[in-house]
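Here is how names work: the chains are called A, B, and so on, in the same order as the sequence lines, proteins then strands, and each is numbered from 1. Basis for what follows: all heavy atoms, side chains included, without hydrogens, waters or symmetry-related copies.
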Amino acid sequence: MELLEADILLQLLVGGLLAGALYALLACGLNLIFGVMRVINLAHAELMLMGAFGAYVLFNIFGLHPLLSLLIIVPVIFVMGYYFQRVLIERVVERPMLTSLLATYAVSIILINIGLLIFSADFKSVPVLQGSFLVGDLVVSKPRFTAGLISLVLTVAVYQFLERTRLGKAIRAVSEHAQVAQICGIDVRQIRMLTFGMAAAMAAAAGVMLSVIYSFWPGSGIDFIQKCFAIIIIGGMGNFVGAFYGGILLGVVEAFVGGFFSTQWAEAVAYLLLVTVLLIRPTGLKGVARA
Amino acid sequence: MPEGSQRLISFWVGTVLTGLAILAPFGVNEYYQSFLLQVFLVVALAQAWNLISGMTGYVSFGHAAFFGVGAYAGALLLTWGFPWWAAILHGAGIAALLAVPLGFLTLRLRGPYFAIAMLGLNEVGRIVATLWVDVTRGGTGFTLSPALLPSLDMKYFSMFGLALAATLLVAWVHRSRFGLELRAIREDEEAAEMVGVNTTRNKVTAFVLSALIPGAVGAVYAMYTSYINPSSAFDHARNIEMIVVVLFGGSGTVWGPIIGAATVMVLREMLWAQFPAAHLAALGVLLLIVVLYLPGGLVSIVRERQQRRPDARPGESP
């Protein structure tokens, strides 16, 4: 009996870590945008769904494996995000935060409903990876393992990019203090466009990973954006590493609540965590100072 | 005095519109009466949202939750045999009672954090309505038997009364010291606090008042459609509509939500039946345009024209 429980705990932990890695990829992108331009992108989950529907379309029309479509979708959405910043977000980035909140909210509504027009409200999935493998007594689902691992690799890669390259340092500099960065000769506008492109690409990659695990429809975003908020508030607004740990934490807590209570309660965990954290610290946990 | 004559114009336009709305059921067919009822529904909800978000700048993405609570309270009371007006009062009361603790909890959060916290509220309402089967009958929802329902005229006048009450409430708040303090919070909360404004009490009061209206409107809505379920009572589209209508017309003003509601409802009537998704996408585009190019809403166009002619006295022209 003791042993069995230890098994279940390990099982839940691994499941939670894998789901958490996917959340982390999504939330790190959202937090990158917030860090660099103090914009909360309410359309972030819809960018993710673009990735998911992209994978769905490429699979159904060209029979492309989602892991291959990643190579197409990520650059395409990067370019899209880059121009999205240039055309839309640049106009609201200097205005009060509520303006950008409403603008990205509008974009989210538009994207959801265009999605509904094209794909209807039916749930879609990309059933390519199936089954599971055993590690000792541990059952690991193949799609979840693949999605979790790739999410982890991508998040770490972006982190390394931010830490090590000149461009990454420029992004961090703008995030720390845009005006000083500007004075030091960094093209802040350019950095903001790059950042949005990167964050959009991360969201889209998360979407492709999502498509191999879950079913989704154009309105799925609300569940994920809710989770993303919980994560970035737990981890600290604008803090990349914080969002990573926040994502992992949420994944694990959800897995345990789902395992011991019910999956419906697990859905509410993110919201409860979010509200709890906000109530303890009304301006959010540590993170970038508010501009 | 431009201020005084503006009030006079407002008063007369308001009186004429009120008169027309009261006479309308005697002159139009049921289709138009229904349409007007829905316009009043949107006006009342928009004014409610205006009261908290337009006045204080605390953007609520979850106000439809109060509407859902009111709809369920109203439907339950009707099935228990209470008269329709008691159902409306209880819808309002229960929504307001919920808003008190909720307001104290969430309004401590500043700007975007409040918006984030409210974003999930409507969703929580929907989940509770789905899971709490004993009371809400879960996903099956309520069908109200026609015998329990008041006539269309009664529903029409109830909804009109709510739209009028909500508008008068906003008009009163707009002029009162309370409203001035709310706008001070919107401009600079810390400064408002420093000059002695009790920001918490004001914010919570505005929040509770703004929950009262959707609660009552929800109860009338339940009577109007005679069927509610979790997804119709806690419809996220209603949040979008409230926000779009207020911003389109002009937030923080008395007339903005009315002008916004009339315009958006006519647009919606043209698009709605065939393409629900296209209708919402259109609302999204509208919202985007307003946010980018017309931050003051339609009302601001009139205002600016007046300001451009400093010698013009609106009261003098007929």
Colleague: Check whether Ile40(A) gets within reach of chain B through its side chain, its backbone, both or neither, counting any heavy atom under 4.5 Å.
Modeller: side chain
Colleague: Report which part of Leu111(A) has an atom under 4.5 Å of a heavy atom belonging to chain B: side chain, backbone, both, or neither.
Modeller: neither
Colleague: What part of Val124(B) is in contact with chain A, defined as an atom under 4.5 angstrom from a non-hydrogen atom: side chain, backbone, both or neither?
Modeller: side chain
Colleague: Could you check whether any side-chain N or O of Lys227(A) sits under 3.5 Å from a backbone N or O of Leu250(A), counting only pairs where one atom can act as donor and the other as acceptor?
Modeller: no
Colleague: Against chain A, label Phe114(B) side chain, backbone, both or neither, depending on which of its atoms sit under 4.5 Å from a heavy atom there.
Modeller: neither
Colleague: Mark yes when over 12 heavy atoms from residues, nucleotides or ligands other than Tyr245(A) sit less than 6.0 Å from its OH; otherwise mark no.
Modeller: no
Colleague: Considering non-hydrogen atoms only, spot the tightest contact between Val245(B) and Ala261(B) and give its length.
Modeller: CG1-N, 3.4 Å
Colleague: Does the side chain of Tyr271(A) pick up a donor-acceptor pair with the side chain of Glu123(B) at under 3.5 Å?
Modeller: no
Colleague: In terms of heavy-atom pairs under 4.5 Å, which option from Ile240(B), Leu105(B), Val285(B), Val290(B) contacts chain A the most?
Modeller: Ile240(B)
Colleague: Out of Asp223(A), Leu88(A), Val92(A), Ile225(A), return the one with the most heavy atom pairs under 4.5 angstrom to chain B.
Modeller: Leu88(A)
Colleague: Counting only non-hydrogen atoms closer than 4.5 Å, does Leu283(B) touch chain A with its backbone (N, CA, C, O), its side chain (CB onward), both, or neither?
Modeller: neither
Colleague: When only pairs under 4.5 Å are counted, which of Leu119(B), Thr106(B), Val59(B) shares the most heavy-atom pairs with chain A?
Modeller: Leu119(B)
Colleague: Measure Phe104(B) against the heavy atoms of chain A and call it side chain, backbone, both or neither at under 4.5 Å.
Modeller: neither
Colleague: With chain A, which of Ile127(B), Leu121(B), Val244(B) has the greatest number of heavy-atom pairs at distances under 4.5 Å?
Modeller: Leu121(B)
Colleague: Considering only heavy atoms, which portion of Leu286(B) lies under 4.5 Å from any heavy atom of chain A: side chain, backbone, both, or neither?
Modeller: neither
Colleague: Mind checking the OG-OH spacing from Ser210(B) to Tyr58(B)? Nearest 0.5 Å is all I need.
Modeller: 13.5 Å
Colleague: Counting N and O atoms only, with roles assigned by atom type, does the side chain of His44(A) sit under 3.5 Å from a partner on the main chain of Ala203(A), one being a donor and the other an acceptor?
Modeller: no
Colleague: State whether the side chain of Ser232(B) and the backbone N or O of Asn229(B) hold a donor-acceptor pair below 3.5 Å, judged by distance alone.
Modeller: yes
Colleague: For the rings on Tyr227(B) and Phe142(B), is their centre-to-centre separation under 6.0 Å?
Modeller: no
